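This is a predicted model, so every value here is computed, not measured. Quick note on labels: first sequence line is chain A, next is B, and so on, each numbered from 1.
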Amino acid sequence: MENEREKIQTQIWREEPEPDNPFAASACYCSGFDVFGDLLGKISLIEYIWLLFKLDPPTKAQAKVFETLAIALANPGPRDHSVRAAMNAGVGGSTHASALMAAIAVGAGNLGGAREVFTAMNYWQQCGRDIEKWKDIIENPPIEERTDVWPEMEHTPGFDPHGASCPTPVKQLLDHLCKEGAGETLKWLQSHRENLEQFSKTPLSFSGVAAATFFDLDFTPEQAEIIFLFLRLPGAAAHSLEQEKLGFSRYPFFHGAVKLTNDPGPVNKADE
Amino acid sequence: MNDDKSLLKGPQLLQSFEDNWETEMGACILGKGRVVLRGRDLLSELTNLRWAELLVFAVTGEESPKLARLIEAMWVISTSFPDPRLWNNRVAALGGTTRTTASLAINAASVVSEANAYGVRVGKRAVDVLYRFKEKMDSGAKLEDLIRQELKKYKVVSGYGRPLVSKDERVEPLLTFAKSVGCADGPYVKLAFDISNYFENSRYPFQINISALMSALFADQGISAENAYYLVTQTFVAGMFPCYIDAINHKEGTLFPLPASRIKYTGNQSTRDWTY
């Protein structure tokens with residue numbers, strides 16, 4: 001009977017049941033490693049995240065590069081759209097889950113978000129370290145004939161359409177990753193950044209460095225997209241909780257910002 | 001709108017928008033007791049609208065009781081199945097069994113409905129494919145060629161084929177309703193069934209599904225793929241609430257429990273030690 005039941009198929013996870021309860025695990029193995037019997041106290045969080053996606057441990061250099069990226073992404077800061085979404089949940093006293101759902105939803109998009117990383121990863125897959133291919137794809141971005149729920153890209157993925165010059169933290173991150181023994185992609189990006197910026201007429205952004213890092217570390221675009229989503233959540237969570245305590249009265253409402261250009265004026269209102 | 005800003009770029013563009021959001025869409029006029037939506041006073045001019053009519057007006061800017069009625073029928077007939085096995089509904093039910101909030105469960109389930117295999121992503125593409133095919137056919141292209149090209153490029157024609165079962169039981173009732181309100185005779189409904197007929201007489205196992213019919217009805221009303229997508233993003237919720245409520249009313253954690261033996265491990269090594 002047991003064999004006839006549907007099962008969850010996975011290469012990631014294996015469990016052994018407790019003798020007294022088939023619904024409780026006595027041991028959990030992640031790609032063969034005993035999570036609670038071996039890995040606890042032995043590996044870092046970033047190594048564990050790597051293992052979950054890659055099913056093999058990272059080298060020390062890979063773990064270092066991955067962790068550096070994770071630190072750089074962990075808090076986009078309170079001006080970032082995704083963090084603002086989380087804070088909007090916070091100031092009104094919304095559920096904490098909704099704060100992270102809001103951060104994920106807003107941080108998922110084409111502008112500075114996870115979908116931009118996904119698309120930039122596709123560019124890396126197509127162009128590699130060939131500057132002529134990059135020039136061509138930036139000047140002639142691919143256009144999909146059929147529609148999708150994702151809006152079309154309105155700028156070169158990995159570059160900030162509203163930037164002036166490449167921000168110092170973006171350069172610091174790229175330089176640091178290169179010093180840490182990053183792969184050829186990041187080194188190539190560092191040496192060709194200004195060329196690419198000239199082609200796109202916009203400066204490199206964090207999402208561009210993130211995409212190059214994920215590409216160097218041999219993540220797929222899908223993996224890069226979803227990892228980027230959760231790596232940015234710690235800051236959203238912290239800022240949301242902070243604003244929850246402060247409340248909406250000390251948070252921008254943009255009182256005079258909305259300007260209706262077609263206000264019909266008072267309708268059937270004697271007091272107006 | 002904002003034509004004066006169209007030449008600005010970079011930080012200058014952002015500065016021009018700082019505390020400055022010019023819009024024709026609407027706003028609440030705080031302290032004045034007024035709400036304006038697309039140039040209309042919501043609290044005095046629009047209070048008699050049915051909710052679906054308001055949705056249509058909010059999305060399209062048009063007042064169309066006929067389209068609103070059609071959308072209500074789509075939501076009732078097509079997308080409100082109270083079955084917790086359906087992948088999106090199961091999220092709502094899992095939320096119920098773990099005792100999360102209804103809002104979290106229903107909205108998480110709703111966004112899951114934006115899938116490749118079913119739901120509103122398919123729906124948007126199904127509208128798009130009808131418009132693309134019609135435009136090319138009006139220029140002389142043959143339907144069978146377009147279908148073959150679409151299959152070659154995308155492996156599917158959105159709106160045809162269905163996970164789990166092939167025949168879609170919703171097509172007939174929605175078509176019957178559309179006929180009753182005089183919406184079933186347009187060129188896009190005809191095109192949708194022409195594609196269906198092609199598949200019926202081919203080696204392909206695809207049958208028309210509800211997305212194709214909904215899309216054809218939208219297209220015959222002149223609704224764009226984008227607006228059709230907006231009009232159905234919340235379409236599944238009436239089927240999700242029963243799943244959530246049912247799970248809440250059962251003992252916690254009892255929805256589709258899985259013992260450890262229900263995990264089929266297919267990894268390479270069953271045990272190994274972490275060494276540096």
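Note on residues 92-103 of chain B: no pairs pass side-chain hydrogen bond (donor to acceptor under 3.5 Å, both in side chains), not counting sequence neighbours.
In this structure, B:Leu46 and B:Leu37 have side chains that are in contact, with non-hydrogen atoms separated by less than 4.5 Å. The closest side-chain heavy-atom distance from B:Asn88 to B:Tyr118 is below 4.5 Å. Side-chain contact between A:Met87 and A:Glu244 is absent, with no heavy-atom pair separated by less than 4.5 Å.
Heavy atoms from other residues, nucleotides or ligands lying under 6.0 Å from CG of B:Leu151 number more than 12. Heavy atoms of other residues, nucleotides or ligands lying less than 6.0 angstrom from CD of B:Glu252 number 12 at most. Surrounding CD of A:Glu194 are at most 12 heavy atoms belonging to other residues, nucleotides or ligands under 6.0 Å away. No more than 12 heavy atoms of other residues, nucleotides or ligands shown are found within 6.0 angstrom of NZ on B:Lys264.
Using a 4.5 Å cut-off between heavy atoms, B:Glu45 contacts chain A through its side chain alone, with no backbone atom that close. For A:Asp148, the parts sitting under 4.5 Å from any heavy atom of chain B are the backbone and the side chain alike. Interface remark: A:Ala25 contributes no atoms to any contact with chain B (heavy atom separation under 4.5 Å). Looking at A:Ser31, the atoms closer than 4.5 Å to chain B (heavy atoms on both sides) sit in the backbone and in the side chain alike. With a threshold of 4.5 angstrom between heavy atoms, B:Arg121 approaches chain A through its backbone and through its side chain. At a 4.5 Å heavy-atom cutoff, the contact between A:Phe33 and chain B is made by backbone and side-chain atoms alike. Contact of B:Leu13 with chain A is made through the side chain alone, with heavy-atom distances under 4.5 Å. In this structure, chain B has heavy atoms under 4.5 Å from both the backbone and the side chain of A:Leu260. Only the side chain of B:Leu14 comes within less than 4.5 Å of a heavy atom of chain A; its backbone N, CA, C and O stay farther away. With a threshold of 4.5 angstrom between heavy atoms, A:Ile43 approaches chain B through its backbone and through its side chain.
Chosen from A:Glu16, A:Glu144, A:Glu18, the residue pairing most often with chain B at heavy-atom distances under 4.5 Å is A:Glu144. Counting heavy-atom pairs under 4.5 Å between each of A:Gly32, A:Gly265, A:Ala24 and chain B puts A:Gly32 at the top. By number of non-hydrogen pairs under 4.5 angstrom with chain B, the leading residue of A:Arg14, A:Arg146, A:Lys201 is A:Arg146. Among B:Lys124, B:Arg38, B:Arg40, B:Gln269, the residue with the largest count of heavy-atom pairs under 4.5 Å with chain A is B:Lys124. Ranked by heavy-atom pairs under 4.5 Å with chain B, the list A:Ser98, A:Pro57, A:Gly163 is led by A:Pro57.
Under a 3.5 Å cut-off, the side chain of A:Thr202 and the backbone N or O of A:Pro161 do not form any donor-acceptor pair. Side chain of A:Glu47 to main chain of A:Ser44: a donor-acceptor pair is present (N/O by atom type, distance under 3.5 Å, no hydrogens or angles). Under a 3.5 Å cut-off, the side chain of B:Glu135 and the backbone N or O of B:Arg132 do not form any donor-acceptor pair.
The contact list for residues 149-160 of chain A toward chain B, using heavy atoms and a distance under 4.5 Å, reads A:Val149, A:Trp150 by residue number.
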Verdict with supporting geometry, A:Asn88 and A:Tyr251, side chain to side chain donor-acceptor pair (under 3.5 Å): CA-CA 9 Å; A:Asn88 275 30; A:Tyr251 182 71; 2.6 Å; yes
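Aromatic rings from B:Tyr131 and B:Tyr188 are positioned such that their centres are separated by under 6.0 Å.
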